[in-house]
Participant: 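A single structure is presented below for examination.
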Amino acid sequence: MTAPPEREPRLSAADWDSWFTTGHPHVVSDKEAEHFHQLVEPRPGMTAVDLACGSGQWTRQLAAWGMTVTGYDFSTEALRQATAAGPRDGLTYAQWDIDAEPIPPDLKPGSLDVVTCRYALPDLQHARLLTDVGRWLRPDGTFYALVRLRPSRHDADAGQSGDAEPDTGFEPFHRGFTKAQVGTLASGWAHRETHQLSRRRRVIVLRGYGLTTPEPDNAPEKGFQSPGVGGDAPSPESCAPAPGPHGPGHSAHQDGPESADRGARACAIG
């Protein structure tokens, strides 16, 4: 019998400070921004929190939709970069070690419309965190997560498709979930959707924490098509405080490919 994998060591704030100084950029794509807009329908007046916000690309995108948003992270360097991008109405950042420190007093039960967490959920004590998130959200609120899909030799499609590979190792700054682990994240939630954003990225949407009619964990995974928008083109809004392609009254194509390319080179991961 194969022994269960050991728990991966927790990275410290100092580890992440170093990573944000030298890490490879990973910006918000037009495809993700449009997908989120379809799923959540963000609008001015909504209140949001971005957990493990990093250098703030996604937090700025939420603010561009007119939401009042706070980005939380425990990396001093990440927050320095986020703040250096410039102020914006309704946008704030705060330092918080989500796993080790008390919940900030601003996160009151039933106070939020949207909570997001991009790429960081596998690094956190996610079962406890999702319980807290469910309490913070209003009854019609939404939790949105973007996670890397970690391949597993036990996946049903292993060896049958081009994106099936054995789980070969431990990448501390790029952790992910297996498909089986993704299926367990809906415990306590009445509604779960899983969307394939790309070959190795999955969007998880949870709603209705504590309601009595949970959907089955084997709910089908949904694909996403974004007509006319490149799948991994970066959203310039995520990289600069100026109004971006997904803010009010701004077309997704006004900034052009050169602006998107500059944004991809300029930003660190969020």
Side-chain angles (χ1 to χ4, degrees), residues 5-26 28 47-63 67-85 87-88 90-137 141-148 150 170-177 181 184-185 187-189 204 206 209 238 267-270:
E6 295 183 4
R7 181 178 176 84
E8 295 172 346
R10 181 177 188 261
L11 296 171
S12 68
D15 292 328
W16 284 106
D17 286 345
S18 176
W19 192 92
F20 276 104
T21 302
T22 61
H24 184 71
H26 195 139
V28 177
T47 303
V49 158
D50 186 20
L51 299 174
C53 67
S55 50
Q57 293 94 306
W58 182 249
T59 326
R60 292 191 291 277
Q61 181 65 73
L62 296 174
M67 305 174 79
T68 300
V69 56
T70 300
Y72 289 102
D73 206 286
F74 77 160
S75 166
T76 301
E77 175 60 23
L79 294 175
R80 185 197 68 77
Q81 293 180 21
T83 303
R88 189 179 191 93
L91 173 62
T92 57
Y93 298 100
Q95 194 160 28
W96 178 33
D97 186 334
I98 295 171
D99 279 350
E101 295 179 347
I103 295 171
D106 289 343
L107 296 180
K108 297 179 174 64
S111 63
L112 300 173
D113 298 296
V114 178
V115 176
T116 67
C117 185
R118 297 174 72 251
Y119 294 115
L121 206 56
D123 294 285
L124 301 169
Q125 297 174 15
H126 50 270
R128 179 193 59 79
L129 177 61
L130 289 177
T131 299
D132 291 333
V133 168
R135 296 188 181 115
W136 303 333
L137 286 170
T142 301
F143 174 70
Y144 168 95
L146 178 63
V147 301
R148 294 179 180 87
R150 190 177 74 198
F170 162 52
E171 299 181 26
F173 293 99
H174 298 89
R175 291 170 174 161
F177 290 131
Q181 289 172 322
T184 68
L185 297 176
S187 178
W189 297 79
I204 301 164
L206 301 177
Y209 182 78
S238 69
C267 286
I269 190 169

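Note: hydrogens, waters and symmetry copies are ignored here, and every other heavy atom, side chains too, is used.
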Participant: Can you tell me how far apart CD (Gln125) and OG1 (Thr131) are? Round to the nearest 0.5 Å.
Facilitator: 11.5 Å
Participant: Could you work out, with side chain to side chain donor-acceptor pair (under 3.5 Å) as the rule, every residue matching Thr142, not counting sequence neighbours?
Facilitator: Arg207
Participant: Give me the atom names and distance for the closest heavy-atom approach of Ser75 to Gln95.
Facilitator: C-NE2, 4.1 Å
Participant: Taking all non-hydrogen atoms of both residues into account, name the closest pair between Ala120 and Ala52 and its distance.
Facilitator: CB-CB, 3.3 Å
Participant: Does a side-chain heavy-atom distance below 4.5 Å link Ile103 with Trp136?
Facilitator: yes
Participant: Can you tell me if Asp97 uses its side chain to pair, donor with acceptor, with the backbone of Phe74 under 3.5 Å?
Facilitator: no
Participant: List in chain and number order the residues that pass side chain to side chain donor-acceptor pair (under 3.5 Å) with Tyr144, two or more places apart in sequence or in another chain; answer none if no residue qualifies.
Facilitator: Glu32
Participant: A side-chain contact here means heavy atoms from C-beta on lying under 4.5 Å apart; do Thr70 and Pro104 qualify?
Facilitator: no
Participant: Provide the full list of side chain to side chain donor-acceptor pair (under 3.5 Å) pairs with a residue in residues 101-113, sequence neighbours left out, each pair given once.
Facilitator: Asp113-Arg138
Participant: Nearest heavy-atom pair of Asp50 and Val69: which atoms, and what distance?
Facilitator: N-CG2, 4.3 Å
Participant: Determine whether Gln181 and Val147 satisfy the following criterion, side-chain contact (heavy atoms from CB on, under 4.5 Å), listing intermediate values before the conclusion.
Facilitator: CA-CA 11 Å; Gln181 289 172 322; Val147 301; over 6 Å; no
Participant: For Leu79 and Cys53, which heavy atoms make the closest approach, and how far apart are they?
Facilitator: CD2-SG, 4.0 Å
Participant: Looking only at non-hydrogen atoms, find the nearest pair between Gln81 and Thr21 and report the distance.
Facilitator: NE2-N, 4.3 Å
Participant: Rounded to the nearest 0.5 Å, what's the gap from CD1 on Ile204 to CG on Leu185? Could you check?
Facilitator: 5.0 Å
Participant: Just how far is it from atom CG of Leu51 to atom NE2 of His126, taken to the nearest 0.5 Å?
Facilitator: 14.0 Å
Participant: I need the minimum non-hydrogen distance between Leu91 and Thr59, along with the two atoms involved.
Facilitator: CD1-CG2, 3.4 Å
Participant: What's the separation between atom OH in Tyr209 and atom CZ in Phe143, rounded to the nearest 0.5 Å?
Facilitator: 12.5 Å
Participant: With sequence neighbours excluded, tell me which residues meet side chain to side chain donor-acceptor pair (under 3.5 Å) with Thr68.
Facilitator: none
Participant: For the pair Asp99 and Arg128, evaluate salt bridge (Lys or Arg N to Asp or Glu O under 4.0 Å) and give the outcome as yes or no after the intermediate values.
Facilitator: CA-CA 9 Å; Asp99 279 350; Arg128 179 193 59 79; 3.5 Å; yes
Participant: If I take atom CZ from residue Arg80 and atom OH from residue Tyr93, how far apart are they, to the nearest 0.5 angstrom?
Facilitator: 13.0 Å
Participant: Can you name the residues that form a ring-ring contact (aromatic ring centres under 6.0 Å, His included) with Trp96, not counting sequence neighbours?
Facilitator: Tyr72
Participant: Could you tell me if the side chain of Thr116 sits less than 4.5 Å from the side chain of Leu146, heavy atoms only?
Facilitator: no
Participant: I'd like to check the salt bridge (Lys or Arg N to Asp or Glu O under 4.0 Å) partners of Arg135; sequence neighbours left out, ordered by chain and number.
Facilitator: Asp132
